[in-house]
Number of protein chains: 2
Amino acid sequence: MINAVGREIPDELLKDGKEVYQGKFYMNGKYVKKDSPRTKRYETPQESKVCKNIREASEKCGAHDGMTFSFHSDFRNGDYVASMVAKVLVEDMGLKDLTIAATSLGSAQDLIADYITKGKIVGIQTSGVRGRIGEVVSAGKLKTPAIIRSHGGRPRAIEAGEVHIDIAFLAASSADCYGNAKGTGGKNNCGSLGFAVPDSHYADHVVVITDTLLDFPSLPATISSIDVDCVCVVNSVGDPAKIASLEARMTDNPRELMMAENVAGIIAATPYFKTGYSFQTGVGGPSLAVTRFLEKHMVEKNITMGFALGGMSSAICKLQDKGLVKQLLDTQDFDKGAIEHLAAHPDHHEICTSQYANPANKGAYVNKLDFVVLAALEIDTHFNVNVITGSDGVLRGAPGGHPDTAAGSKCCIIVTPLVRGRMATVCKDVVTVTTPGDCVDVLVTDYGIAVNPLRSDLMECLDKAGISYVTIESLQEKAYSLVGTPDDLEWEDQVIAIVEARDGTILDVVRRIKPLQLD
Amino acid sequence: MINAVGREIPDELLKDGKEVYQGKFYMNGKYVKKDSPRTKRYETPQESKVCKNIREASEKCGAHDGMTFSFHSDFRNGDYVASMVAKVLVEDMGLKDLTIAATSLGSAQDLIADYITKGKIVGIQTSGVRGRIGEVVSAGKLKTPAIIRSHGGRPRAIEAGEVHIDIAFLAASSADCYGNAKGTGGKNNCGSLGFAVPDSHYADHVVVITDTLLDFPSLPATISSIDVDCVCVVNSVGDPAKIASLEARMTDNPRELMMAENVAGIIAATPYFKTGYSFQTGVGGPSLAVTRFLEKHMVEKNITMGFALGGMSSAICKLQDKGLVKQLLDTQDFDKGAIEHLAAHPDHHEICTSQYANPANKGAYVNKLDFVVLAALEIDTHFNVNVITGSDGVLRGAPGGHPDTAAGSKCCIIVTPLVRGRMATVCKDVVTVTTPGDCVDVLVTDYGIAVNPLRSDLMECLDKAGISYVTIESLQEKAYSLVGTPDDLEWEDQVIAIVEARDGTILDVVRRIKPLQLD
């Protein structure tokens, strides 16, 4: 069946009520009966939940062949815990037919690629698919298609019972013996533990893994002891240098600076730019620079931000310290400065991914978002964005909060260079749709700006502000004129990944790329 | 069927797997599949959830005949919201066959007694049954037996699906337009909103009712906006004088002081009394005085408390301010000083009733409790306690956290005068069992101390400390010698209330008391 972004979704995937994508607010107002965990009762006095090792905790929680276990990714590229646990389950305990439900997977979990190749891990549900896992999944080694969800789509799927977690193994920077856990107060701090919270509420069993055991009761805690079965103390939960990178350097690339200045100018030209407005951006490329140019407009017009949302960097924390941002709503921390700021600033708040972006709860924070500035691997003339597959068809990205913030915000701006090397970023059809075009409002490139025809109101704003824009087709043509028309990729039939829209409908599938024929 | 506390439970109540009480840890280790709400999805940008009045909010949430709606009791005797909402549902909207699931009901809800009498409200599930509601329920006016649960038993029942809430109406001292709500920051503050949290998670619909609307986002919040459908702003959520009473006066009754001193002496004589120990007490009678005498022992022995649990009073807050208590874990606040202390002190933490006392989660704080000091209306020679029915058989009490802390703690001490007026507090058989005797360890009266024979270890501690004690039978005999043997109450067959043990089994039933015959 062809869905609302023109993608052919194989019929065999449309069972058990699964539907194809039908537009960004298709599920709005519909009711959902939530799933729930099956949990053990603890009535007697309890001294401690600390187990001697991960194996003991796994056995206490009934680890078994065919189970689904989960991890969170707030320790980012520095995470040791996912690999550590997978090794115990597969190598020490000899378990098989396992499914991993993670908030993201990347090079920190390269070991898991081996277990996929050996057929021990047969399913993956995740946002990010990077590193060796991306390669082996793309090569068709996983027994079932990977399911790729956004940061809001994941808690939605967990709450809907589409993924039921048998055991959640949750890394924590510190915890007490009863399981109260958080991302601060330890020797390896990640800051916000916002990715871990839905798992703690919906998994049948929860194991907290930490390297810093604090006195009971360690409060306030992000993970509550009432949701935790076991606590494991390990030597180290992660590599501090990779958990907490140093502050991202501000770009000095003149093209990136120009794009950032244009993004800030567009924001300032809309009616949403007024005191109390809300904003989200990332840390890559021109994003940090947007924050700097935005500051200029805010100071000039005497406007302050109500809240900044999503992943936090030092740049936005500094803006709060200057009094220009009232609240930070933080799902993850990108650098050391942001981690320390979360622990110190009373208006820097940790939120979980359900609060952040779940489209099936009673109002995620993305629904209150005015502006989001996002990157793209590709964007096509329908404004569909791809952030998951490279130009070679291999999985190497993550939707993250991209589709969620794009759908919820009043003004979603994609900022990307027109071409990258020999690749046209603006194209006729993206390899994989990860954010549907009906959620994307403006495209800013180094060769010009385009506005989604659905947003004539924004066109009027730009006209009034004297900001010129062109059609997205003209940008695509310019891109092709610079690097040539891209060759079509050649695919096998095998579906190796399903890209779910945030509401659970199917947005796209990724098929196995044909191996390069050397002749 | 006769249960483990010797009470005859009518067979017709034992359906759908309902069991009789079989001992305090009967359910330990058993699994429970939790219930979950059926909730509405909100995908589109949302400006505000504020409704023009309670009726509009009720209609948006699908209020209907036969539904179950809920309230919390953190506004205590000053609550306006329960009556206000019941009036709208019954009088304005004409609804009928309604069931109220409240954390407690008392004289602040006297209006609801009228709706029971008129047959509009047909079911009540609560902890406290006091005031006119107690009278009309005792007189058999409610169509179905009231179900009485402890503070831990209530979230257990909600999570088990034994009570499914259609709409929770949650009073809050302050809230933002999106539903982030708390018990501080308003014009009528109640402090902890710990009673409201389970309802916010498990009700299909949630309406926050406040008299103080704060700027969005108002964080940190006790009730999260992701659980809230509607916000109503009313003139006043309660009577400040009754929400936040002035600090309870320390008793100067020499008998009460003596009992308090004895309680503190017993605590100090046990091995649990060491740095890091935990403690809970109430505010009535000698309880505050216990805290004062305990302070003396702590200072003398250089011992500090790890945490105090439950409802908080100024007395325990002051102990924390002196550095004698590390953490306060607060489900409700008894006075103005405690409310202000919660907002100001970083180690004074709000916890919900599931964290506090739910026997079916993965470890409530009561399971980590060393000592609890509790009052009683009656205690019998099997150490069974009654805190719900008066000597006339009329409902006028509340189990509250009594059965939960008694079961979870290592040492549960009941402190009560031997007689009250013409009534023997220590008796052969309590009118109603609300805390089973297997949870009660020590009884302190003004005529002597008794230790539960199950606790020979505690007897040894008292022997070693030179604290004398007697059998509970001798205390009962002394009581009867003072006030005479009580006449048996005369009951009708009609069961007017079911007292559930905290694990959901049936502990006792209350039958309709025979109306007084005037001849």
Side-chain angles (χ1 to χ4, degrees), chain A residues 24-47 49 159 178-179 201 204 206 215-217 219-220 224-229 276 306-307 326-327 329 347 349 351 354-355 358-365 367-369 407-410 502-503, chain B residues 24-47 49 159 178-179 201 204 206 215-217 219-220 224-229 276 306-307 326-327 329 347 349 351 354-355 358-365 367-369 407-410 502-503:
Chain A
K24 64 178 172 177
F25 301 143
Y26 173 59
M27 294 288 186
N28 189 51
K30 293 181 185 168
Y31 278 78
V32 57
K33 172 72 181 176
K34 292 194 180 176
D35 190 34
S36 62
R38 185 174 164 276
T39 61
K40 197 170 173 179
R41 303 173 191 226
Y42 293 82
E43 289 188 313
T44 59
Q46 288 169 282
E47 278 310 309
K49 298 177 183 173
E159 293 185 13
Y178 218 41
H201 291 156
D204 288 350
V206 173
D215 283 350
F216 173 86
L219 294 174
S224 171
S225 55
I226 62 172
D227 295 318
V228 176
D229 295 87
F307 69 92
K326 202 173 151 196
Q327 313 263 14
L329 309 185
D347 288 324
H349 304 287
I351 61 167
S354 186
Q355 293 173 310
N358 177 354
N361 71 28
K362 294 174 180 176
Y365 284 112
N367 295 3
K368 294 283 278 179
L369 190 59
S409 64
K410 296 195 183 71
R502 61 194 299 254
D503 64 5
Chain B
K24 64 179 173 176
F25 300 143
Y26 173 59
M27 294 288 187
N28 189 50
K30 294 181 184 169
Y31 278 78
V32 56
K33 171 73 181 174
K34 291 194 181 176
D35 191 33
S36 62
R38 185 173 165 275
T39 61
K40 196 169 174 180
R41 303 174 192 226
Y42 293 82
E43 289 188 312
T44 58
Q46 288 168 283
E47 277 310 308
K49 298 178 184 174
E159 293 186 13
Y178 218 41
H201 292 156
D204 288 350
V206 174
D215 284 350
F216 173 87
L219 295 174
S224 171
S225 55
I226 62 172
D227 295 318
V228 177
D229 295 87
F307 68 93
K326 202 173 152 198
Q327 314 263 14
L329 309 186
D347 287 325
H349 303 286
I351 60 167
S354 186
Q355 292 173 310
N358 177 354
N361 71 29
K362 294 174 180 177
Y365 284 111
N367 295 2
K368 294 283 278 179
L369 190 59
S409 64
K410 296 196 184 70
R502 60 194 300 253
D503 64 5

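What you are looking at is a predicted structure, and each value in this text was computed from that prediction instead of being measured.
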Is it the side chain or the backbone of [X] that comes within 4.5 Å of chain A heavy atoms, both, or neither?
{"X": "A364(B)", "value": "backbone"}
{"X": "K24(B)", "value": "backbone"}
{"X": "V228(B)", "value": "backbone"}
{"X": "Q355(B)", "value": "both"}
{"X": "L329(B)", "value": "side chain"}

Identify the two heavy atoms, one from [X] and one from [Y], that lie closest to each other, and give their separation to 0.1 Å.
{"X": "P45(B)", "Y": "G408(A)", "value": "CG-O, 3.5 Å"}
{"X": "Y365(A)", "Y": "L219(B)", "value": "OH-CD2, 3.6 Å"}
{"X": "I226(A)", "Y": "G363(B)", "value": "CG2-O, 3.8 Å"}
{"X": "Y42(B)", "Y": "N367(A)", "value": "O-ND2, 2.9 Å"}
{"X": "D503(A)", "Y": "E43(B)", "value": "CB-OE2, 3.3 Å"}

If you count heavy-atom pairs within less than 4.5 Å of chain B, which of [options] leads?
{"options": "G306(A), S225(A), P217(A)", "answer": "P217(A)"}
{"options": "E47(A), K33(A), R502(A)", "answer": "K33(A)"}
{"options": "K326(A), K30(A), K40(A)", "answer": "K40(A)"}

Which bit of D204(A) is near chain B, if near means a heavy-atom gap under 4.5 Å: side chain, backbone, both or neither?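 The backbone, not the side chain.
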
Could you tell me the separation between the CG atom of N28(A) and the CD atom of Q46(B), rounded to the nearest 0.5 Å? 8.0 Å

Which distance, rounded to the nearest 0.5 Å, do you find between the CZ of F25(A) and the CZ of R41(B)?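 Here the rounded value is 14.0 Å.
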
Over 60° means perpendicular and under 30° means parallel, so tell me whether F216(B) and F307(A) are parallel, tilted or perpendicular. perpendicular

Evaluate the side-chain proximity of H201(B) to H201(A): yes if any heavy-atom separation is below 4.5 Å, no if none is. no

So D227(A) and N361(B), side chain to side chain contact (heavy atoms under 4.5 Å, CB included) or not? Walk me through it. CA-CA 7 Å; D227(A) 295 318; N361(B) 71 29; over 6 Å; no

Hey, mind stepping through E159(B) and R38(A) against salt bridge (charged side-chain N to carboxylate O under 4.0 Å, His left out) and telling me if it holds? CA-CA 11 Å; E159(B) 293 186 13; R38(A) 185 174 164 276; over 6 Å; no

